[in-house]
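Following: one structure in structure tokens, then a few remarks.
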Amino acid sequence: MKNRHDMTFRKSGGLMVLYKEKLCDHIKFLSSDSNFVIWFEISSSYTKLDAEIVIGSVYIPPENTKYSSPDAFREIETDILKFSTKYKYMCLNGDFNSRTSTDADFIPTDGNDISDILNLPEITENDTYKFEIYNIPIARNNKDKTKNNYGKLLLDLCKFTNMYIINGRIGENMTGERTSKNAAVVDYFIGSLDFINIISNSKVLDFSCLYSDIHSPIDIDVDINKCTCEYGSVPINSMSGEKIKKWDINKKEDFIINLDREKISELENYLEETKSFPADSNIINKAVENITNIFVTSAKKTFGTLKNKSKNENTPQSTRSQDEKPWFNIDFKLNEMSSDSECSLFQCPICLEDFIQPKALPCLHTFCKSCINEYIRKSTTLTDCFVVFNCPVCRKEVKLESCPSDPAKYLQDNHMIQSMKETCLSKGKLCSIHNSKQADHVCTDHDQIVCYKCIIDSHRFCNVTEIHEAIESKRQSITQVHNQLVVRKENMETSMHVNREEKKGILESDIKCKDGVRLYVDELKNLITKLESQILNDIEKNTTQKIQRVDKNLAETNKERTYLKTILNEFDINLLKEITDFNRLTAIDQELKTAHHRINKTCDKSSADIHLLRFQPNMDLFKVLRENDAIGKIYNTKMRVTVNSNTSKTKAVLKFTETEAKTAPVLKRPSTTEHTGSSGIEATHTRPMNKVVSLKDGIQKLMSLKTDTDREECFITGITLLLDDSMIVADNGNMKIKHFSAGYKFVSQKAFSSEPWDVCRTEKDDFIVSFPSDNLIQYFTFRKGLVIPKQDKILTEGRCYGLSYHCNKIATCNRRASGVFVVVYSGLNEIIAELCISASVLSECWYLSFCSDGQHLVYTDETSNVVSCVNLRIGTEKWRTNIRSPRGIARCRTFLYVVNCKSAKVLCLSEDTGLQKREIDCSSLGGGAFSGVTVNTYQTKIFLLPTKGSDALVIE
């Protein structure tokens, strides 16, 4: 129950809803901010309908009394719009103190042809088409022919909310009987059409003082077995569990464009085919359903949809989103009425624009001269005598003298429209809401022309200015935007000129590069041919010499062979027994020994002088030609484009273009105000560098990394520290992984068939090793003093060198034929980032390190003398610092340690800015250079790997 204590300062009655006890579980009262209505819901579980019924009991005090309130109807209207998004069956009943006569409680619509609907400036939607479907008279009867101000407000409420008066339309009260003192109708039942459809009877009961002193009870009967769905209508906002968002006047053109032309053609064909059929509700229902589907589909595409909330959701109505209001609501109706009032006066019905040379037909409908000319040409055949056509609005036949060049020549100019237009332009338009008021102000917050009454009602707290000031402001805004567009146009022309010159330069450089490559390769071919000729000549000369020597040896051997044959022929060994003369035997023996000595000397000489030829190719040259850019590299050079900058606007364009170029995403380099620069970027340090630290006696120590089993000179390329400060070292020269204790003593080692490069600790006593020649990153663990390989490994696309680890992510420097890349793996073989840091395979990018956040990574480039920090997420450079010959890098907390491989210096950098914090000078040890560095967890020891030799430096 609601009383009027707040209005009357005393208890003076109010509103009360009575219901039977058995309905307690099926009645639910709804919250409302209005004191003039009580809302309650009847559950569908009781009514067996497809939705709940919402009823509002109303009492509005009479007008012109101290209890009257002008906000009563507005508050009730707000509640209706709020509940209509959720409820289908809605009803209001009670004493409205409104007299409405027989005026319409809906907005009439003209035209029933689909083509007329498509040509409307606004797409209007209400429920009046359902009156015929539900067999309910659209006109209502009322024996009270008087209308008061509250009656007008009640009719406006009905029009804006799609609610309709039940009195005088249904059942026994079809005649519109009086409800108060048998003289006036002030008590009403008002409902949505879906609710009206389930009403079987309405009547005014006889007066009884039990209920009221002057009012007669009114009664309705609801048939719960009747449902709107049986008529084949499609509720617009309940299809597929979706709601269509509210109408947006700015999307009017999109709504019309999204109408399905094929469906419209099919509908026209269907209507044409069924024109001759007898009237049938099924045919009509199907046509209405097709029309509804066309509009609903277009509305979904244009405005979007919202999911219907479940009936069990107890969401407070006050928290519902503004976008959940129906797409056709009071805002659209007001916009429609405003638009119609303006269009009907000064807008052409064909082009929907302001009249240009208005021409009037005999039926007094007016059009632009160009529009009616085009219409006549398309709709009729022009002859030399007369032209006959139908008016585009009323279809009345018009006959004019023919003039093919100007069909509208003989139509009268509509001077009245022209003069009215000029008068309105000079005095200002009438308000679209309050038609009798002059719209001479503009609400700048809503960009809307308003009258003084609109300002009081709806724009009291907005910024309002006079219309001539708003027009001048708009002109200034347009001028400013126009000037900006002119600058942008010049900017685009300049950019196009630069792009054309760049294209021309690229094509010219393409020709020059190709010619240079061909010339260079030809020179290489000539050189190789020359080298080939020289080598062949040397082979021929060597061969000739050796053949001559062999021929000489053959001749000498043949001579000795003849001599030996002669000696042997002179003596027959079979006659040796017959010779008894000692002197004879002595002579034979001496002769044979002389021959033997002579023959032995000849054989020894020939065997020592004979050699064969063999060619040994230069495999290093073949390796270079196959793997590296031996022939040459492609460099990008700058080209200056001459641009005319005489005017001030062009100068502004050039400045704008330069600014855009610095922030272009393709560049991915920091601007010139970053911390330091390379050869093309100036360093702009503003903070002083800390004092250089020189090593003192007692804080450094030399540590030998060579073992007794090493066969080659050590080439140490990687080092990492385990949790106990023991070291794992990669010896590339001896193809070993070595383990040293925290006291710098050798513990164990493991040999491999290929050269390891870098080593990096992962978790606990696990670590990874890169093998460039095998394109492999192998996992190892350290247990009981032994280095044990694990089954886990990563196969890289190119040669892998430097390693870094952070939270299950592994980064490596990857060398390929197309350049040097930084590749980041997550786990095994899952690449999460890949950045090309150099397009040349000759770039000496060997080492890298994660930053403490794991999202940035720092690498060294010995060729470019740069240390650079990149963002792995977006692939851009955060900062870059110029350092001479940087190679090894290590991170400890938020500091980076970088070694100079050509001097005895170690630099400490900030990982956030790249600024140099400290420089450690190791020149006191003789000026040796370092290639690698690592720091222990507590930042108390720095380990420096030598560029040559086996002695590492430990700084404590």
R891 side chain vs F850 backbone, donor-acceptor pair below 3.5 Å: yes

Between Q791 and Y779, does any side-chain donor sit less than 3.5 Å from a side-chain acceptor? no

Look only at the side chain of T812 and the backbone of G802, and say whether a donor-acceptor pair between them is shorter than 3.5 Å. yes

Indicate the atoms forming the closest heavy-atom contact of C760 with L803, along with that distance. CB-CB, 4.0 Å

D912-S910 side chain donor-acceptor pair, cut-off 3.5 Å: no

Donor-acceptor contact below 3.5 Å, side chain N542 vs main chain D538: no

Within the side chain of R887, is there an N or O that forms a donor-acceptor pair under 3.5 Å with the backbone of S931? no

Heavy-atom closest pair (A730 atom, W757 atom, distance to 0.1 Å) is CB-O, 3.6 Å

Side chain proximity check, D861 to I837, heavy atoms < 4.5 angstrom: no

Verify the distance criterion only: is there a donor paired with an acceptor across the side chains of K736 and T709 at less than 3.5 Å? yes

Of all heavy-atom pairs linking L909 and G914, the shortest is CD2-O, 4.0 Å

Evaluation steps, salt bridge (charged side-chain N to carboxylate O under 4.0 Å, His left out), between R518 and D515: CA-CA 5 Å; R518 294 190 184 97; D515 292 341; 3.4 Å; yes

So T860 and L848, side-chain contact (heavy atoms from CB on, under 4.5 Å) or not? Walk me through it. CA-CA 6 Å; T860 61; L848 46 72; over 6 Å; no

What residue among L776, D774, V769 forms side-chain contact (heavy atoms from CB on, under 4.5 Å) with P756? V769

Assess the pair F752 and F780: is the distance between their ring centroids shorter than 6.0 Å? yes

Compute whether any side-chain donor of one residue and acceptor of the other, for N871 and T876, lie under 3.5 angstrom apart. no

Ignoring hydrogens and geometry, is there a side-chain-to-backbone donor-acceptor pair from E834 to V822 under 3.5 Å? no

Taking D710 for the side chain and T707 for the main chain, is one N or O donor matched with an acceptor at less than 3.5 Å? yes

Check whether any side-chain N or O of H806 sits under 3.5 Å from a backbone N or O of S852 as a donor-acceptor pair, and report yes or no. yes

Taking the side chain as every heavy atom from C-beta outward, state whether L907 and L896 have any atom pair closer than 4.5 Å. no

Using only heavy-atom distances, determine whether the side chains of S868 and E877 contain a donor-acceptor pair under 3.5 Å. yes

Is there side-chain contact between F943 and F930, with at least one heavy-atom pair below 4.5 Å? no

What's the separation between atom SG in C813 and atom OH in Y859, rounded to the nearest 0.5 Å? 9.5 Å

Within a strict 4.5 Å, meaning less than it, do heavy atoms of the I737 and D731 side chains meet? no

Distance in Å, K902 NZ paired with E862 CD, rounded so as to fall on 0.5 Å steps: 6.0 Å

Nearest 0.5 Å, what's the CD1-CE distance between I719 and M727? 6.0 Å

Looking at D522, is its backbone amide N or carbonyl O close enough to the side chain of N526 to form a donor-acceptor pair, meaning the two atoms are under 3.5 Å apart? yes

Partner residues of K541 under the side chain to side chain contact (heavy atoms under 4.5 Å, CB included) criterion, sequence neighbours left out: Q545

Interatomic distance, I716 atom CD1 to K706 atom NZ [nearest 0.5 angstrom]: 9.5 Å

Smallest separation among heavy atoms of S741 and V747, with atom names: N-CG2, 3.7 Å

With a 4.5 Å heavy-atom cut-off, do C869 and E911 have their side chains touching? no

Could you go step by step and tell me if R799 and S773 meet the side-chain contact (heavy atoms from CB on, under 4.5 Å) rule? CA-CA 6 Å; R799 292 173 173 265; S773 58; 4.2 Å; yes

With heavy-atom distances below 4.5 Å as the criterion, would you say the side chains of Y897 and T934 are in contact? no

Working to the nearest 0.5 angstrom, can you tell me the gap between I728 CD1 and I768 CD1? 13.0 Å

For I889 and V858: C-alpha separation, side-chain torsions, deciding distance, then whether side-chain contact (heavy atoms from CB on, under 4.5 Å) applies. CA-CA 8 Å; I889 184 171; V858 181; 3.5 Å; yes

Minimum heavy-atom separation for R816 and G798, please, with both atom names. CG-CA, 4.1 Å

Is there a side-chain contact between K905 and S885 in this structure, where contact means two heavy atoms from C-beta onward sitting under 4.5 Å apart? no

What I'd like to find out is whether the side chain of F771 reaches to under 4.5 Å of the side chain of I777, using heavy atoms alone. no

Closest non-hydrogen atom pair, Y801 against R815: CE1-CD, 3.4 Å

Please evaluate residues K809 and Y825 with respect to the criterion side-chain contact (heavy atoms from CB on, under 4.5 Å), reporting the C-alpha separation (whole Å), side-chain torsions for both, the decisive distance (0.1 Å), and the verdict. CA-CA 6 Å; K809 293 187 292 187; Y825 296 88; over 6 Å; no

Can you check whether R711's main-chain N or O pairs, donor with acceptor, with N734's side chain at less than 3.5 Å? yes

Counting only heavy atoms not in K793, do more than 12 sit closer than 6.0 Å to its NZ atom? no

Strictly distance-based, threshold 3.5 Å: is any side-chain N or O of N814 a donor or acceptor partner for the main-chain N or O of C800? no

Can you tell me how far CZ of F767 sits from CD of Q778, rounded to the nearest 0.5 angstrom? 10.0 Å

Please tell me whether D758 and S770 have a donor and an acceptor in their side chains that are separated by less than 3.5 angstrom. no

